[in-house]
Amino acid sequence: MFDLKDRRILVVGGSSGIGLGVAHAARALGAAVTIASRDEEKIAAAVAAIGGGARGFALDTRDEAAVAERLAAETWDDVVVSAAATRAAAVRELPLADAYASMNSKFWGAYRIARAARIRDGGSLTFVTGYLAVRPKKGAAIQGAINAALEALARGLALEFAPVRVNAVSPGFVDTPLWGAKSPAEHAALVERIAAGLPAGIAGRPEHVALQIVAGIANPYLTGSVTYVDGGGTIA
Ligand SMILES: NC(=O)c1ccc[n+]([C@@H]2O[C@H](COP(=O)([O-])OP(=O)(O)OC[C@H]3O[C@@H](n4cnc5c(N)ncnc54)[C@H](OP(=O)(O)O)[C@@H]3O)[C@@H](O)[C@H]2O)c1
């Protein structure tokens, strides 16, 4: 139905979780994949796992100068931003410094990438946001606000950057390292509990979100959109 043959795709946050899933899917569809994130060891392991000539480089999206310098070096067909590390806690309990750090990592990190990335006409920029923007949860208001801000940014940039297409993909629960190390029993219980609460009856995995992202990259008629890949979580 579609392929991404010879497209040069950069996945920021591609060493783990959803970003790594996107890197695998894009590679399987014939793209030339490059990943970026902070930890060199994680990058090397991910590059080896993706295979097929994948490349990687270290980049911290919080570092404005590094982002500007590194992204000026190459032009991409498509850029996906999945990188983030945020903290959740009730607003009155979360230290303001941590709230600012979460916004800096996920929102401003994506903003810096968007501002610096060179993307060819007709290519695409995709932000990974999250269900908390539309299905809030006590103790995670800051994360919902960050995701909503990123979705509004995507819609605005879809006008500003046209003919580059800009979209947001909003995952529900996805089984990734973001949820922390757990015993096999705890992990199985979490996945079972999530699946039982969702209309789709399964817990999300990185490849589910990746499928939507690569389809969005390939679809020349998709821009300014927010797509939910959440097992029906936002309507449950
Ligand atoms: N998993 C879920 O249930 C879920 C649900 C909704 C939304 N999301 C969103 O989906 C996105 C990806 O989450 P995930 O579950 O795939 O998490 P993950 O497995 O922890 O992966 C995060 C990736 O981002 C990189 N990263 C973090 N901070 C970075 C920075 N400052 N600069 C560059 N790279 C950075 C990490 O590598 P390094 O640490 O080596 O830098 C890693 O490659 C996040 O925005 C998350 O909020 C996830």
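Just so you know, these numbers come straight off a predicted model, no measurement behind them. Both ligands and their constituent atoms are indexed starting at 1 by order of listing.
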Chemist: Heavy-atom contact under 4.0 Å between Thr86 and ligand 1?
Modeler: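 Contact check Thr86 vs ligand 1: negative.
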Chemist: Look at the side chain of Arg118 and the backbone N and O of Ala72, then say whether any donor-acceptor pair between them is shorter than 3.5 Å.
Modeler: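 Yes, Arg118 side chain to Ala72 backbone: donor-acceptor pair under 3.5 Å.
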Chemist: Please indicate whether any nitrogen or oxygen in Val174 is less than 3.5 Å from any nitrogen or oxygen in ligand 1.
Modeler: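 By distance alone, the answer is yes.
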Chemist: Determine yes or no for a side-chain-to-main-chain donor-acceptor pair under 3.5 angstrom, with Asp77 supplying the side chain and Ile9 the backbone.
Modeler: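 No: the side chain of Asp77 does not pair with the backbone of Ile9.
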Chemist: Between Arg7 and Ala31, is there a donor-acceptor pair closer than 3.5 Å when you use the side chain of the first and the backbone of the second?
Modeler: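 Absent.
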Chemist: Would you check if the side chain of Asp175 reaches a backbone N or O of Gly204 as a donor-acceptor pair within less than 3.5 Å?
Modeler: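 Checking the backbone N and O of Gly204 against the side chain of Asp175, no donor-acceptor pair under 3.5 Å is found.
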Chemist: Does ligand 1 come near enough to Thr176 that some N or O of the ligand is less than 3.5 Å from an N or O of the residue?
Modeler: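 By distance alone, the answer is yes.
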Chemist: So, 4.0 Å and heavy atoms of Gly172: is ligand 1 close enough to count as a contact?
Modeler: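 Under 4.0 Å: yes for Gly172.
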Chemist: Checking Ser105 side chain against Ala85 main chain: does a donor-acceptor pair fall under 3.5 Å?
Modeler: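 Answer holds: yes.
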Chemist: Mind checking whether Thr129 has a heavy atom under 4.0 Å from ligand 1?
Modeler: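 Contact check Thr129 vs ligand 1: positive.
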Chemist: N/O of Ile18 under 3.5 Å from N/O of ligand 1, yes or no?
Modeler: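 Yes; the residue has a nitrogen or oxygen that sits under 3.5 Å from a nitrogen or oxygen of the ligand.
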Chemist: I'd like to check which ligand 1 atoms, numbered from 1 as shown, lie under 4.0 Å from a non-hydrogen atom of Leu59.
Modeler: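 Ligand 1 atoms under the 4.0 Å threshold to Leu59: 32 (N), 33 (C).
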Chemist: Would you say Gly109 touches ligand 1, if touching means a heavy atom closer than 4.0 Å?
Modeler: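 Gly109: no contact with ligand 1 (<4.0 Å).
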Chemist: Looking at ligand 1, does any of its N/O atoms fall within less than 3.5 Å of an N/O of Tyr131?
Modeler: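 No, since none of the N or O atoms of Tyr131 sits under 3.5 Å from an N or O of ligand 1.
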Chemist: Any side-chain to backbone donor/acceptor pair from Asp78 onto Ser124? Under 3.5 Å, distance only.
Modeler: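 Present.
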Chemist: Using modelled atom types and a 3.5 Å cut-off, is there a donor and acceptor pairing between side-chain atoms of Arg112 and backbone atoms of Asp63?
Modeler: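 Not at all, since once roles are kept as given, no pair shorter than 3.5 Å links the two residues.
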